[in-house]
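Just below is one structure, and these are the notes that go with it.
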Amino acid sequence: MAEGKKLAGAGLRGQVAGKTALSTVGKSGSGLTYRGYDVKDLAEHCQFEEVAYLILKGELPTQAQLDEYKAKLKTLRGLPQALKEVLERIPKDAHPMDVMRTGCSMLGNLEQEDTSVLGVFPNQEDCVDRMLACFPSIICYWYRFSHDGVRVEENTDDDSIGAHFLHMLRDEAPSELHERVMNVSLILYAEHEFNASTFTARVCASTLSDIHSCVAGAIGSLRGPLHGGANEAAMDMIEKFKDADDAEQGMMGMLERKEKIMGFGHAIYSESDPRNAIIKGWSEKLAADVGDTVLYPVSVRCEEVMWREKKLFCNADFFHASAYHFMGIPTKLFTPIFVMSRLTGWAGHVFEQRADNRIIRPSAEYTGPEIRKVTPIAQR
């Protein structure tokens, strides 16, 4: 290795790979901020659309700006007929993240971003607003058609993106509580600095590719179980336990067998995930609302066991599992909700990358054979 060069840690962990004004993760204080605002403050006082506006445009909106923005998003929920036809051809057993990736890509074919002038993207914000409005429509249209044989109406009049998603999924407007929890959930997942999917989006953007390619690439990275899907894995685990004592016994067995337990610990946070306490509180409210006496106590006991035995804390995904379940959301749709939210962070990073761009092309440490000559094929 050349003098002065330092090999990055495994997975580039701890390496600074660029600059961003969008968020801080694991810094002193709250642990997570969006453009200087504590995520706890945003989750308590804002709607998701306000946070999307903040991430994409730089500042929280006034009431007039928010009303205008939400009115615009409402008009963008409908799906082109060609996209519906594609969704109807995707089988029931397809991975929902593949559905999101394909839906995003097909939308990019039908409604292309203007990239006619090299390095100039005049309608990037409109493209992102369109995806933000219709991603819930994409996943719900496919799910309802493939699982229920229903061509659901995607042009709902719900006030928020979260309510629109629940309405399409369940054929009825959600309760005020459920809409509020969806708003909080989408806020908590909206942005998280240079995670794997976001970095994928920035790498793609650095080549001056179109916004739909950047987002489709990010969806592909999020599909991997080491990035997205921890809430689904958590749900699969906790629903197997009949009560809290059973959960403790089961968790201890998993630890003894050194099985991987999803939903605990984090690559950046060292002491706690600030998002966990927020969604845990809402999960408790939802449990009381539906009269649950099993899933929430099981989840709490799992949290206690992992901290006692391994000093591992719950990350944002763990209590999201029970929260989503209490709202009647199928487990296989948990990670697509992440896409509906994190789209804002991905897009914000794409905008940043485009505004001050150099192609992202790191070097590698070569570990193969030294230089050698080709042996003629007859002598091999």
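- For the residue pair His212/Gln112, the side-chain donor-acceptor check at 3.5 Å is not satisfied.
- When every heavy atom of Ala21 is checked against every heavy atom of Glu352, the shortest pair comes out as N-OE2, 2.7 Å.
- The distance from atom CG of Leu79 to atom SG of Cys134, rounded to the nearest 0.5 Å, is 6.0 Å.
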Sequence neighbours left out, cut at 3.5 Å: what donor-acceptor pairs do the side chains of residues 291-299 make with other protein atoms?
| unit_1 | atom_1 | unit_2 | atom_2 | d |
| --- | --- | --- | --- | --- |
| Asp292 | OD1 | Val294 | N | 3.2 |
| Asp292 | OD1 | Leu295 | N | 3.0 |
| Asp292 | OD2 | Leu295 | N | 3.3 |
| Asp292 | OD2 | Tyr296 | N | 2.9 |
| Ser299 | OG | Leu295 | O | 2.8 |

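- Without hydrogens or angle criteria, Ser206 side chain to Val203 main chain gives a donor-acceptor distance under 3.5 Å.
- In plain terms, the two heavy atoms of Asn183 and Phe48 that are nearest each other are OD1-N, 2.7 Å.
- A distance of 7.5 Å separates CZ in Arg35 from OG1 in Thr20, rounded to the nearest 0.5 Å.
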Q: Starting from the C-alpha separation in whole Å, work towards a yes-or-no answer on side chain to side chain donor-acceptor pair (under 3.5 Å) for Asp67 and Gln63.
A: CA-CA 6 Å; Asp67 291 344; Gln63 186 64 57; 2.8 Å; yes
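- Considering all non-hydrogen atoms of both residues, Gly162 and Met182 come closest at CA-CB, 3.9 Å.
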**Q.** Chi angles and distances behind the side chain to side chain contact (heavy atoms under 4.5 Å, CB included) call for Ile359, Thr207
**A.** CA-CA 6 Å; Ile359 191 168; Thr207 71; 4.1 Å; yes
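- Counting all heavy atoms, side chain and backbone alike, Val184 lies closest to Ile278 at CG1-CG2, 3.7 Å.
- The aromatic ring centres of Phe194 and His349 sit less than 6.0 Å apart.
- For Trp142 (side chain) and Val99 (main-chain N/O), no donor-acceptor pair under 3.5 Å exists by modelled atom type.
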Q: Report the C-alpha separation of His325 and Phe334 in whole Å, then their side-chain angles, then the decisive distance to 0.1 Å, and conclude whether the ring pair (Phe, Tyr, Trp, His ring centres under 6.0 Å) test is met.
A: CA-CA 9 Å; His325 181 81; Phe334 288 3; 7.9 Å; no
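- We find that Asp246 and Lys240 are not joined by a salt bridge, their nearest charged nitrogen and carboxylate oxygen being 4.0 Å or further apart.
- Taking the six-membered ring where tryptophan is involved, the planes of Phe318 and Phe264 are tilted, since the angle between them lies from 30° to 60°.
- At a cut-off of 3.5 Å, with distance as the only test, no side-chain donor of Gln65 or Lys57 sits close to an acceptor on the other residue.
- Without hydrogens or angle criteria, Ser185 side chain to Val181 main chain gives no donor-acceptor distance under 3.5 Å.
- For Ser221 (side chain) and Ala218 (main-chain N/O), no donor-acceptor pair under 3.5 Å exists by modelled atom type.
- The shortest distance between side-chain heavy atoms of Pro362 and Ile360 falls below 4.5 Å.
- Nearest heavy atoms, Asp317 versus Asn231: O-CB, 3.4 Å.
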**Q.** Pair Met100-Arg223, side chain to side chain contact (heavy atoms under 4.5 Å, CB included): steps then yes or no
**A.** CA-CA 10 Å; Met100 296 299 290; Arg223 187 196 191 287; over 6 Å; no
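- Side-chain N or O atoms of Arg151 include none that pairs as donor or acceptor with a backbone N or O of Glu88 at under 3.5 Å.
- A side-chain donor from one of Glu179 and Ser160 sits under 3.5 Å from a side-chain acceptor of the other.
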Q) Would Phe165 and Ile329 satisfy side chain to side chain contact (heavy atoms under 4.5 Å, CB included), going step by step from the backbone distance to the final call? A) CA-CA 10 Å; Phe165 168 78; Ile329 300 172; 4.0 Å; yes
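- Residues Glu191 and Val51 form no side-chain contact, since every pair of their non-hydrogen atoms from C-beta on lies 4.5 Å or further apart.
- Here the side chains of Leu177 and Phe326 are not in contact, with every heavy-atom distance at 4.5 Å or above.
- In terms of modelled atom types and a separation under 3.5 Å, the side chain of Asn123 and the main chain of Asp114 share a donor-acceptor contact.
- Arg301 is listed as a side-chain neighbour of Glu304, based on a closest heavy-atom distance under 4.5 Å.
- Ion pairing of Asp38 with Lys40 is absent here, as no side-chain N (NZ or NE/NH1/NH2) approaches a carboxylate O to less than 4.0 Å.
- Rounding to the nearest 0.5 Å places CD1 of Ile138 at 13.0 Å from CZ of Arg101.
- For residues 331-341, the set of pairs meeting the side chain to side chain donor-acceptor pair (under 3.5 Å) definition, not counting sequence neighbours, comprises His147-Lys332, Glu232-Thr335.
- Checked for salt-bridge contact, Glu125 and Lys72 miss the test: no charged N lies under 4.0 Å from a carboxylate O.
- With Ser137 as the fixed residue, the side chain to side chain donor-acceptor pair (under 3.5 Å) test singles out one of Glu153, Glu154, His164: His164.
- You'll find the side chain of His167 stays beyond 4.5 Å of the side chain of Asp157, heavy atoms only.
- Summarising the geometry, atom CD belonging to Glu50 is positioned 6.5 Å from atom CG belonging to Leu60; distances are rounded to the nearest 0.5 Å.
- The hydrophobic cluster around Met262 extends to none of the other residues, as no ILVMFWY side-chain heavy atom falls under 4.5 Å of it.
- The hydrophobic cluster containing Leu208, built from Ile/Leu/Val/Met/Phe/Trp/Tyr side-chain heavy atoms closer than 4.5 Å, also comprises Leu118, Phe121.
- By the 6.0 Å and 45° rule, Lys311 stacks over the aromatic ring of Trp307.
- Between the side chain of Tyr34 and the main chain of Ile187, a donor-acceptor pair closer than 3.5 Å is present.
- Counting only heavy atoms from C-beta outward, the side chains of Val152 and Tyr141 approach each other to under 4.5 Å.
- Taking Arg354 as the reference, Glu113, Gln124 meet the side chain to side chain donor-acceptor pair (under 3.5 Å) condition, with sequence neighbours excluded.
- In this structure, Lys92 NZ and Tyr143 OH are separated by 8.0 Å, a value rounded to the nearest 0.5 Å.
- Ser322 and Met235 make their closest contact through N-SD, 4.5 Å (heavy atoms, listed as atom of the first residue, atom of the second, distance).
- Checked against side chain to side chain contact (heavy atoms under 4.5 Å, CB included), Arg257 has the following partners two or more places apart in sequence or in another chain: Met254, Glu259.
- Atom-to-atom distance recorded for Leu54:CG and Glu59:CD is 7.0 Å, nearest 0.5 angstrom.
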Q) Would His320 and Tyr189 count as a ring pair (Phe, Tyr, Trp, His ring centres under 6.0 Å) if you check the C-alpha gap in whole Å, the side-chain angles of each, and the deciding distance to 0.1 Å? A) CA-CA 11 Å; His320 261 105; Tyr189 276 138; 4.4 Å; yes
